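The structure under discussion appears below in the form of structure tokens.
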Amino acid sequence: QVQLVESGGGLVQPGGSLRLSCAASGSIFSINTMGWYRQIPGKERELVADISFATGTNYAESVKGRFTISRDNAKNTVYLQMNSLKPEDTAVYYCNARFTVATTYEYVEVWGQGTLVTVSS
């Protein structure tokens, strides 16, 4: 009943910028944490950044100073502003959310389908 819809991926030149968006829809009571992970084929999925009310923001060391995560509570949406992009940032980026379901008050985790980011000249 809850779905994450990602957008904003695409092709960008090295040094360029992209902004990813992830909107959560459905019967949500409250969102604890939303974040972004990325995965390169043949490698494990890794945390890029996340944001929560309790702990604030958390970034992978490789993206600190370049990426910024933010959240619009009214829209149940999380954003990832990616600046100074490098070829090694190329990956499928997945949105992740941990929240309480409104109907049952269960605490659940949901993943988006992923959006491809390609950094190349």
Side-chain angles (χ1 to χ4, degrees):
Q1 67 277 17
V2 178
Q3 185 178 10
L4 302 180
V5 179
E6 301 139 322
S7 63
L11 175 65
V12 65
Q13 294 183 350
S17 299
L18 284 174
R19 190 177 80 154
L20 304 183
S21 299
C22 174
S25 62
S27 300
I28 301 172
F29 178 75
S30 64
I31 297 177
N32 182 46
T33 303
M34 296 188 74
W36 290 94
Y37 293 70
R38 67 186 181 187
Q39 188 169 24
I40 299 172
K43 297 184 178 180
E44 294 184 355
R45 188 174 299 184
E46 64 178 4
L47 172 70
V48 178
D50 61 20
I51 183 170
S52 69
F53 179 80
T55 62
T57 57
N58 181 45
Y59 295 93
E61 190 67 30
S62 61
V63 306
K64 286 183 178 179
R66 299 188 298 121
F67 292 8
T68 302
I69 190 168
S70 60
R71 184 175 67 191
D72 186 333
N73 292 332
K75 297 181 179 180
N76 288 332
T77 300
V78 66
Y79 305 94
L80 184 67
Q81 179 66 45
M82 303 184 294
N83 299 325
S84 301
L85 283 162
K86 304 175 181 179
E88 51 263 43
D89 294 319
T90 297
V92 177
Y93 285 70
Y94 295 90
C95 182
N96 173 271
R98 279 157 270 170
F99 56 89
T100 301
V101 179
T103 55
T104 64
Y105 301 101
E106 291 181 287
Y107 190 68
V108 301
E109 181 179 49
V110 176
W111 290 91
Q113 293 295 317
T115 183
L116 177 63
V117 172
T118 302
V119 185
S120 179
S121 298

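Note: hydrogens, waters and symmetry copies are ignored here, and every other heavy atom, side chains too, is used. Keep in mind that this is a model prediction, so the values were computed, not measured.
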Which atoms form the tightest heavy-atom contact between L4 and A24, and what is the distance?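 Smallest interatomic distance, heavy atoms only, reads CD2-CB, 3.5 Å.
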Taking all heavy atoms of A91 and all of I40, pick out the closest pair and write down the distance.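 Smallest interatomic distance, heavy atoms only, reads CB-CG1, 3.9 Å.
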Shared hydrophobic cluster, [X] / [Y] (ILVMFWY, side-chain heavy atoms < 4.5 Å):
X   : Y    : result
F67 : I51  : yes
V78 : V108 : yes
L20 : V12  : yes

Would one find more than 12 heavy atoms of other residues, nucleotides or ligands at under 6.0 Å from atom CD of E44?
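No, not enclosed.
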More than 12 heavy atoms of other groups within 6.0 Å of Q113 CD
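Not more than 12 within 6.0 Å, no.
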| query | Only one of V63, N96, D89 forms a side chain to side chain contact (heavy atoms under 4.5 Å, CB included) with V48, so which one is it? | reply |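 Exactly one pass, corresponding to V63.
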Flag side-chain contact, heavy atom, 4.5 Å: [X] against [Y]:
X    : Y   : result
L18  : L85 : yes
S120 : P14 : no
S70  : Q81 : no
R71  : D50 : no

Exercise for the section: Apply side-chain contact (heavy atoms from CB on, under 4.5 Å) to Q39 and list each qualifying residue two or more places apart in sequence or on a separate chain. Expected result: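 side-chain contact (heavy atoms from CB on, under 4.5 Å) list for Q39, sorted by chain: R45, Y94.
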#### Entry: ring pair (Phe, Tyr, Trp, His ring centres under 6.0 Å): pairs with one or both residues in residues 95-121, sequence neighbours excluded
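For residues 95-121, and leaving out neighbouring residues, the ring pair (Phe, Tyr, Trp, His ring centres under 6.0 Å) pairs sorted by first residue read F29-Y105, Y37-W111.
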### Message
Applying side chain to side chain contact (heavy atoms under 4.5 Å, CB included) to R66 and K86, what does each step give before you reach the verdict?
### Response
CA-CA 10 Å; R66 299 188 298 121; K86 304 175 181 179; 3.9 Å; yes
From [X] atom [atom1] to [Y] atom [atom2], the distance as rounded to the nearest 0.5 Å:
X   : Y    : atom1 : atom2 : result
I69 : Y59  : CD1   : OH    : 6.5 Å
N32 : R98  : CG    : CZ    : 7.5 Å
L11 : L116 : CG    : CG    : 9.0 Å

Quick one: which residue pairs count as a side-chain hydrogen bond (donor to acceptor under 3.5 Å, both in side chains) with a foot in residues 14-25, not counting sequence neighbours?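 Matches after skipping sequence neighbours: S17-N83.
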Original post:
Does the pair N76 and I28 meet the rule for a side chain to side chain contact (heavy atoms under 4.5 Å, CB included), with working shown?
Top reply: CA-CA 9 Å; N76 288 332; I28 301 172; 4.1 Å; yes
Taking [X] for its side chain and [Y] for its backbone only, find out whether a donor-acceptor pair lies under 3.5 Å.
X   : Y    : result
T77 : K75  : yes
S52 : T33  : no
T90 : V119 : yes
R38 : V92  : no
E6  : G114 : yes

